[in-house]
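Order of the sequence lines fixes the chain letters, A, B, ..., with proteins taken first and strands second; residue numbering starts at 1 for each chain. All values below come from the heavy atoms of this structure, side chains included, with hydrogens, waters and symmetry mates left out. Keep in mind that what you see is a predicted model, and the values were worked out from it rather than measured.
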2 protein chains.
Amino acid sequence: MKYEGIYVAPTLVVDSIIFQLQAGALTVLLIKRNQEPFLGTWALPGGYCAAGETTHQAMQRVLLDKTGVNTDDLELTEQLYTFDTVARDPRGHAVSVSYMGLGKDLEPGSGPDLQSPAFFPVDDLPDLAYDHADIIAYAHSRLKAKLTYTNAVFALLPKTFTLSTLQAAYEAVLGRPLDKRNFRKKYLSLGLIEATAEMFKEGAHRPARLYKFCQPDLQTLERSFD
Amino acid sequence: MKYEGIYVAPTLVVDSIIFQLQAGALTVLLIKRNQEPFLGTWALPGGYCAAGETTHQAMQRVLLDKTGVNTDDLELTEQLYTFDTVARDPRGHAVSVSYMGLGKDLEPGSGPDLQSPAFFPVDDLPDLAYDHADIIAYAHSRLKAKLTYTNAVFALLPKTFTLSTLQAAYEAVLGRPLDKRNFRKKYLSLGLIEATAEMFKEGAHRPARLYKFCQPDLQTLERSFD
DNA sequence: ACAAAAGTGTTAAGAATACACCCATGT
DNA sequence: ACATGGGTGTATTCTTAACACTTTTGT
């Protein structure tokens, strides 16, 4: 072993990629940086992880501090990847552990200490600091995969939902239209959702049956979706 | 932001999970710890990541130092997961970035500085330090998944191989027998491998055709395997 | 009555599974 | 000639993909 004297660890940071659906589009939470480097540029919310703090705890703290979003309001959190970045920081080399979070009806806070948090459609992002555009693209591809082999959509939807809403969620994430009849047939055959007694009435058209997930936690599908 | 004074990063370590096939079994590289904690207990090769060093570089250095295995001899390396561990180390909290490596004909070195590196069948592991048994189980499950949706087997096989060898590799990783005719039909239909002109003669039976991968790098399958 | 979204079935093609015998070689 | 592993085909079931009209409601 080499480090018999003083051991100096690399800077450790955490970044969050928080997705939700808004107006039928998949959106991601960004902040406007209020310090150099990349002052004034949009970026993923991130910050330092301190000794004695797990990366997950650091993620929760940083997310709350910078965006006002509480991780208790997320339905699903998952570690994404750990990036080695050379010029992430004026200190030089840093290691960034990134987490993906999914939720619904998330409200970025507003206040002087927050960094203008806002959700942007993933198909219409502003210029981003660092390699954050790549990280978002990677998270998006992971999310697509996750929707095909798990029931992770539940984290993007309300407790009860119509089949059209469910299909729209898949279409928003996957970025392409799906056949209505095939979608319903297949999804119902998976046995993950069940009809409730309620209907959803809205507008001048036939009411829709409301469904719910049988189990509100992450399940792996045996037949992968699409 | 909280850390305006001195910032102290958590201890950052890297661990390697190196797999290869030996005598038809999937094996993983372990060392016998020569220090506390867990002195004398088998463990995954791991060590500190220092400032100025990427986690990947640290993994390469640590692996070579502790086992004599050179990462240049690995056919495939992939970051696995980053574990927050509380009691990993006498220093207290640590963050461990783990990498999975695949290779063939890997020879652990021997020498006074090395920590008795040896390959053990994943189905017959000794008692392990820390949560390394869990980490290996996780890596194994990721490897199984990887074999079903990519051509990652190439990293476990020689340049040319028979279909029986290929099937045996799948069976060793997945831990269950596969049907010979269906396996061949499906694998050949994927178009990832092609027959060479050579045959492999061995023993008192019909020689086997040797195949090779068309492209010797990682490909994602469109139809997932099995 | 009409506009708007909900709901519903069939057919055809492709993929997965189950299954048993002959072939080429060395001894 | 026999033992050993290499090599091959078919029938059945299940899954996927393509495709259009009727129903219920509010205005």
Rounded distance in Å - CZ (B:F200) to C1' (C:dG26): 14 Å
B:K186 side chain near C:dA16 phosphate (N/O to OP1/OP2, under 4.0 Å): yes
B:C49 vs B:V13 side-chain heavy atoms within contact, under 4.5 Å: no
Gap between atoms CZ and C1', on B:F183 and C:dA15 respectively (whole Å): 17 Å
Test side chain to side chain donor-acceptor pair (under 3.5 Å) applied to B:Y99 and B:T55, step by step: CA-CA 9 Å; B:Y99 284 86; B:T55 55; 2.7 Å; yes
Sugar-phosphate only, base, or nothing, as touched by B:T162 at under 4.0 Å among non-hydrogen atoms: nothing
Electrostatic pair B:K146-B:E78, nearest N-O below 4.0 angstrom: yes
Start and end of chain A contact along DNA chain D [non-hydrogen atoms, under 4.0 Å]: D:dT15 to D:dG26
Parallel, tilted or perpendicular, as decided by the 30° and 60° cut-offs, for the rings of B:F161 and B:F213: tilted
Atom pair distance, as rounded to whole Å: CZ in B:F225 and C1' in C:dT17: 13 Å
Nucleotide N/O of nucleotides 8-12 of chain C paired with protein N/O under 3.5 Å:
unit_1, atom_1, unit_2, atom_2, d
C:dT10, O4, A:K185, NZ, 2.9

Charged N-O contact under 4.0 Å between A:R176 and A:E171: no
B:Y187 and B:Y170 aromatic centres sub-6.0 Å: yes
Residue mapping more 5' on DNA chain C - nearest nucleotide basis, B:S224 or B:P207: B:S224
Mutual orientation of the aromatic rings belonging to A:F83 and A:Y138 [parallel < 30°, tilted 30-60°, perpendicular > 60°]: perpendicular
Cation-pi check, A:K186 onto A:F225 ring (under 6.0 Å, within 45° of axis): yes
Short side-chain N/O contact to C:dA6 OP1/OP2 from A:S164, under 4.0 Å: yes
